[in-house]
Amino acid sequence: MAKSSLANIPLEQLPTHIGIIMDGNGRWAKKRGLPRNVGHRQGAQTFEKIAKYCREIGIRYLTAYAFSTENWKRPQDEVDTITDMMRRYLKEAFQHPDENIRLCFLGDLRRMPQDIQEMMSEIAEKSADRTGITVNIAVNYGGRDEIVHAARKLAQSCLDGKLSPEQIDEGCFANQLYTAGQPDPDLIIRPSGELRLSNFLLWQAAYAEFVFLNVLWPDFSPADLDEAILQYLHRSRRFGGI
């Protein structure tokens with residue numbers, strides 16, 4: 001792997017948490033006259049490469065948008081390809097504990113096939129103590145759905161007498177999100193040339209920096225990640241102050 005252009009950047013200046021909207025798999029395949037499924041397979045390989053690269057350069061958290069609550073509307077063969085790739089990735093993850101990657105899964109996992117649910121639960125438990133990097137994979141995830149899910153949990157706590165409405169603040173609400181206990185993303189990257197969040201980390205992205213790159217996800221490289229981080233490093237983050 002070529003030397004990172006971030007080699008001389010102090011670790012504490014790098015974003016702690018990066019979110020990536022993995023977009024453009026279908027268009028990548030179409031440009032090459034290939035089935036969309038081929039683009040998804042290539043995109044899965046890119047994800048594995050970028051996750052390992054993030055660990056190598058010192059990123060502590062990576063959240064990748066793999067499958068949204070809206071993606072069920074896609075053709076069934078495409079949905080099946082994505083779930084099959086998830087199944088393969090999880091099986092391989094069991095075989096590489098030396099990579100020191102903690103895996104977490106964000107979203108309403110109940111709609112996923114039962115064997116995938118079981119593998120997700122097992123790998124999340126077995127990798128919980130790994131310290132190299134936390135990789136969140138957003139599966140059947142939607143930002144609005146996550147907020148509604150959190151609101152329902154808080155409402156039930158109020159009905160049960162465990163909480164009063166006056167006790168609910170931002171911290172209390174954040175603790176009910178799928179990312180509870182993790183820092184909000186500092187940087188969100190969307191490749192493919194699209195300029196929208198697509199229902200990704202809506203609560204957590206309140207003060208994230210956004211970088212949009214005109215490269216399709218299967219072609220996304222460590223150099224592209226470096227470029228996005230360098231853009232981030234040139235931003236002035238004031239969080240509402242002066």
Tabulate below the donor-acceptor pairs under 3.5 Å that side-chain atoms of residues 154-164 make, not counting sequence neighbours, or state none.
from, atom 1, to, atom 2, distance (Å)
Gln156, NE2, Asp160, OD1, 3.0
Ser157, OG, Lys153, O, 3.2
Ser164, OG, Glu166, OE1, 3.4
Ser164, OG, Gln167, OE1, 3.3

Query raised in the report: Does a side-chain heavy-atom distance below 4.5 Å link Thr69 with Asp108?
Result: no

Query - For the student: nearest non-hydrogen atoms of Pro185 and Leu201, plus distance - result: CG-CD1, 4.0 Å

Query raised in the report: What distance separates Arg60 CZ from Arg55 CZ, expressed to the nearest 0.5 Å?
Result: 11.5 Å

Report task. Using only heavy-atom distances, determine whether the side chains of Arg36 and Thr81 contain a donor-acceptor pair under 3.5 Å. Result -> no

Requested in this report: Determine, step by step, whether Phe105 and Tyr178 satisfy the side-chain contact (heavy atoms from CB on, under 4.5 Å) criterion, reporting the C-alpha distance in whole Å, the side-chain angles of both residues, the deciding distance to 0.1 Å, and the verdict.
Outcome: CA-CA 8 Å; Phe105 301 91; Tyr178 297 128; over 6 Å; no

Query raised in the report: What residues, two or more places apart in sequence or in another chain, satisfy salt bridge (Lys or Arg N to Asp or Glu O under 4.0 Å) together with Glu48?
Result: Arg88

Requested in this report: Group every Ile, Leu, Val, Met, Phe, Trp and Tyr by side-chain heavy-atom contacts under 4.5 Å, then state whether Phe67 and Val38 land in the same group.
Outcome: no

**Report entry** Ser198 side chain reached by Arg190 side chain, heavy atoms, under 4.5 Å
**Finding:** yes

Quiz: residues 11-20 side-chain donor-acceptor pairs under 3.5 angstrom, not counting sequence neighbours:
from, atom 1, to, atom 2, distance (Å)
His17, ND1, Pro183, O, 2.7
His17, NE2, Thr63, OG1, 2.7

Query raised in the report: Are Arg41 and Asp84 close enough that some pair of their side-chain heavy atoms sits under 4.5 Å apart?
Result: no

**Report entry** Any residue meeting salt bridge (Lys or Arg N to Asp or Glu O under 4.0 Å) with Glu122, in chain and number order, not counting sequence neighbours
**Finding:** Lys126

Query raised in the report: Is any side-chain heavy atom of Val139 closer than 4.5 Å to a side-chain heavy atom of Met120?
Result: yes

Report summary line: Across all chains, not counting sequence neighbours, the side-chain hydrogen bond (donor to acceptor under 3.5 Å, both in side chains) partners of Glu194 are Arg27, Arg196

Query raised in the report: Who pairs with Lys31 by salt bridge (Lys or Arg N to Asp or Glu O under 4.0 Å), at least two apart in sequence or on another chain?
Result: none

Query raised in the report: Side chains of Tyr89 and Ile137: does their closest heavy-atom pair fall under 4.5 Å?
Result: yes

Query raised in the report: Where do Ala44 and Met85 come nearest, in terms of heavy atoms and distance?
Result: CB-SD, 4.0 Å

Query raised in the report: So which heavy atom on Asn175 is nearest to which on Ala180, and how close?
Result: O-CB, 3.3 Å

Query raised in the report: Atom SG of Cys54 and atom NZ of Lys49: how far apart are they, to the nearest 0.5 Å?
Result: 12.0 Å

Query - Any Tyr207 side-chain heavy atom under 4.5 Å of Asp186 side chain - result: no

Requested in this report: Could you grab the distance from atom CZ of Phe200 to atom OG of Ser68, nearest 0.5 Å is fine?
Outcome: 11.0 Å

Report task. Starting from the C-alpha separation in whole Å, work towards a yes-or-no answer on side-chain contact (heavy atoms from CB on, under 4.5 Å) for Ile101 and Ser127. Result -> CA-CA 7 Å; Ile101 295 175; Ser127 69; over 6 Å; no

Requested in this report: State whether a side-chain donor-acceptor pair under 3.5 Å links Gln176 with Glu146.
Outcome: no

Requested in this report: Return the set of residues passing ring pair (Phe, Tyr, Trp, His ring centres under 6.0 Å) with Trp217 (not counting sequence neighbours), or none when no residue passes.
Outcome: Phe220

Query raised in the report: Shortest non-hydrogen contact from Pro35 to Ala29?
Result: O-CB, 3.2 Å

Query raised in the report: Rounded to the nearest 0.5 Å, what separation is found between the CG atom of Leu225 and the CD1 atom of Ile59?
Result: 7.0 Å

Query raised in the report: Can you tell me how far the OH atom of Tyr61 sits from the CG atom of Asp184, to the nearest 0.5 Å?
Result: 11.5 Å

Report task. Tell me, with the steps shown, if Ile188 and Val211 meet side-chain contact (heavy atoms from CB on, under 4.5 Å). Result -> CA-CA 6 Å; Ile188 292 180; Val211 172; over 6 Å; no

Query raised in the report: Does Ile9 belong to the same Ile/Leu/Val/Met/Phe/Trp/Tyr cluster as Ile50, with side-chain heavy atoms less than 4.5 Å apart forming each link?
Result: yes

Report summary line: The residue among Leu197, Ile189, Leu187 that forms side-chain contact (heavy atoms from CB on, under 4.5 Å) with Phe210 is Leu197

Query raised in the report: Hey, what do you get for CZ (Arg87) to CD1 (Ile116), rounding to the nearest 0.5 Å?
Result: 4.0 Å

Query raised in the report: In the single-linkage hydrophobic clustering (I, L, V, M, F, W, Y; side-chain heavy atoms under 4.5 Å), do Leu177 and Ile21 co-cluster?
Result: yes

Query raised in the report: Any side-chain heavy atom of Val135 sitting closer than 4.5 Å to one from Cys104?
Result: no

Query raised in the report: For Arg32, what residues pass the salt bridge (Lys or Arg N to Asp or Glu O under 4.0 Å) criterion, not counting sequence neighbours?
Result: Asp219

Query raised in the report: Can Trp72 and Asn140 be counted as having a side-chain donor-acceptor contact under 3.5 angstrom?
Result: yes

Query raised in the report: Just checking, any donor-acceptor pair under 3.5 angstrom between side chains of Gln182 and Asn136?
Result: yes

**Report entry** Within 6.0 Å of CD in Glu92, more than 12 heavy atoms from elsewhere
**Finding:** yes

Report task. Please report the C-alpha distance between Asp226 and Tyr53 in whole Å, then the side-chain angles of each, then the deciding distance to 0.1 Å, and finally whether the side-chain hydrogen bond (donor to acceptor under 3.5 Å, both in side chains) criterion is met. Result -> CA-CA 10 Å; Asp226 286 357; Tyr53 180 67; 2.6 Å; yes

Query raised in the report: Shared ILVMFWY cluster between Leu90 and Leu62, side chains joined below 4.5 angstrom?
Result: yes

Report task. Indicate, with yes or no, if Phe47 and Met112 share a hydrophobic cluster defined by side-chain heavy-atom contacts under 4.5 Å among Ile, Leu, Val, Met, Phe, Trp and Tyr. Result -> yes

Query raised in the report: Is Arg235 atom CZ crowded by more than 12 heavy atoms from other residues, nucleotides or ligands, each under 6.0 Å away?
Result: yes

Report task. For Glu170, enumerate each residue passing the side-chain hydrogen bond (donor to acceptor under 3.5 Å, both in side chains) test, keeping only those at least two apart in sequence or located in another chain. Result -> none

Query raised in the report: Backbone N or O of Gln117 within a donor-acceptor pair of the Ser121 side chain at under 3.5 Å?
Result: no

Report summary line: Applying side-chain hydrogen bond (donor to acceptor under 3.5 Å, both in side chains) to Asp145 and not counting sequence neighbours gives none

Query - Tyr65 to Gly142 - nearest heavy-atom pair and separation - result: OH-CA, 4.3 Å

**Report entry** Arg102 vs Ile133 side-chain heavy atoms within contact, under 4.5 Å
**Finding:** no

Report task. Check Tyr141 against Asn199 and note the closest heavy-atom contact, atom names and distance. Result -> CE2-O, 3.7 Å

Requested in this report: Assess whether side-chain contact (heavy atoms from CB on, under 4.5 Å) is satisfied between Asn37 and Gln42, documenting all intermediate values.
Outcome: CA-CA 9 Å; Asn37 295 345; Gln42 187 64 35; over 6 Å; no

Query raised in the report: Among pairs that include at least one residue of residues 127-141, which meet salt bridge (Lys or Arg N to Asp or Glu O under 4.0 Å), considering only residues two or more places apart or in two chains?
Result: none

Query raised in the report: Does Thr83 have any side-chain hydrogen bond (donor to acceptor under 3.5 Å, both in side chains) partners at least two apart in sequence or in another chain, and if so, which?
Result: none

